[in-house]
Amino acid sequence: MSWLSLQGHFGITRRAFERALFLIPIVAAAWKFGFKAGLVCSIISGLIMTPRVIVSPWRADATTETMVIVIIGIMLSWLISSQEKERIRQQSLTTELDTINEKLEKQITKHKRTDVELARHRNHLEELVNERAAKLKIANEKLQRENAERKKAEEDLKRAIVALEHSNAELQQFAYVASHDLQEPLRMVSSFTQLLAKHYQGKLDKDADEFIDYAVAGAKRMQALINDLLTYSRVDTRGKSFEPIDSEAAFDQAIANLRVAIEEGEAVITHDPLPPLIADDLQIVQLFQNLLHNAIKFHGKEPPRVHVSAKQENNEWVFSVRDNGIGIAPEYFDRIFVIFRRLHSREEYPGTGTGLAICKKIVERHGGRIWVESEPSKGSTFYFTIPTIRR
Amino acid sequence: MNNRKTGKPVEILLVEDNPGDVRLTEEAFKEGKVLNKLHVTQDGVETMEFLRQKGKYAKAPRPDLILLDLNLPEKDGREVLAEIKTDKDLKRIPVVILTVSQAEEDILKSYNLSANCYIVKPIDLEQFIRAVKLIEDFWLTIVTLPPNGKK
């Protein structure tokens, strides 16, 4: 190769190298700022190179070189910018994907946690259900056991009631028969001791008279007791069926029966209007009579004043018999209704101790209650109830 | 009264199985004003023999009044009453039921069988004596009885 050609070759190469340097800012601009920047840089590069073309316009290769550089610049710009755009797009896509992924993962984690929790809940629920079921089973068994026990108890109760009714009936029959059959021999004892007294009082010695007196008194008392026992047992055995009655008429009858006691005791008996009842009228007469008789008998220093009234409460009539008598201490409120229980000596107040027991039996037969409110020396009020509706 | 006019005692038949009651009734009649003769039979069979003058009672008088207890051994008072009141000779004799029974069925049955009255024996001696005296007073002095004899 000749020097000239070598120099010529070298010169072309150097120029090409110089021109190629323009590509660097173009590529940088395109890479950094996109295709438009690359385009602008290519045009600017072309303009910068233009003076050289103008300086040596004869040099056709210079023009060509410039054109080539500008075109290559534009192409590179386009290529790089589009590449960069794509990269950025890819990057943003990746970022987006990452975000979605992250979100998804979070979601999944959350789901997993929820699942775990759910499983835990389910397990717990199962445990609870099992536990509940076990408890239910135990309760059920207990219930069944209790049911069986209750059934047995009910049967026992039924049997006991039957036995009780039987024994009650027997007892009533016994009380009735005993008192009835006891009357006969007792009548003999009583009658003949009285005859003895009648015929021989004062004709024997003093001791004989005393003995006869005691015999007569004892027989009379026994007779009174048996009589009252008979009355007591008759409340159930000889009671009449319940019918509509006028309790005021029953009250009037009781007053008539007590006429002597009322006159002797100078008793004043008053009453409010008394209601119609569904009851055994003879027993209601007896009930009033016993209560009024007690009110007169247990009087204080004043002559007896007795007031009877009635008021309706729910499904029953509450009667009250209030007196101004000696009263009763609270500790005896129950005892007075027990048959043959007495609070006073016979010398103080005669009687057998059956009056209130009979009252209680009559009231209970009618499905009512009887009680007393009292204070010693401040009078007593006896209350009893009679249901308005018959069951 | 025919009996008092003639001075003939009133014949009373007491049908009672309890000697105590018999004695008490006797005591009560002793206090009575009317001259009377108390006969006693203790059961139904004996009573019918007395009334029909059979056996040992062949010479028994026909009673003017019968006091009849209901509870008797063997033939009881209800049967005796039925028999008396269906016998055409005996049915005119007044029969006073004197018993301890207060049972309604006894009272009804006795009147249905034409008892002339029904008296529950008072338990108390004084009242018993009073009742017997009243029976005597009523039936033997107030009431006009049918002529004594078979018609």
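Order of the sequence lines sets the chain letters (A, B, ...), proteins ahead of strands, with each chain counted from 1. Here the structure is a predicted model, which means the values were calculated and not measured.
Between A:Arg187 and B:Asp21 there is a salt bridge, since a side-chain N of the basic residue sits under 4.0 Å from a carboxylate O of the acidic one.
Nearest heavy atom pair, residue A:Leu195 against residue B:Leu125, reads N-CD2, 3.7 Å.
Using a 4.5 Å cut-off between heavy atoms, B:Pro122 contacts chain A through its backbone alone, with no side-chain atom that close. Contact of A:Gln223 with chain B is made through the side chain alone, with heavy-atom distances under 4.5 Å.
By the 6.0 Å contact criterion, NZ on A:Lys360 is open, its count of non-hydrogen atoms from other residues, nucleotides or ligands being 12 or less. Enclosure of atom CG in B:Asp87 by more than 12 non-hydrogen atoms of other residues, nucleotides or ligands within 6.0 angstrom is indicated. Counting non-hydrogen atoms of neighbouring residues, nucleotides and ligands closer than 6.0 angstrom, the CD atom of A:Glu266 reaches no more than 12 such neighbours.
Atoms OG and CZ, from A:Ser191 and B:Arg23 in turn, are 12.5 Å apart once rounded to the nearest 0.5 Å.
Using a 4.5 Å cut-off on side-chain heavy atoms (C-beta onward), B:Leu24 and A:Met188 make contact.
Residues of residues 106-118 of chain B never come within less than 4.5 angstrom of chain A, heavy atom to heavy atom. Scanning residues 198-221 of chain A against chain B with a 4.5 Å heavy-atom cutoff picks out A:Lys198, A:His199, A:Lys220, ordered by number.
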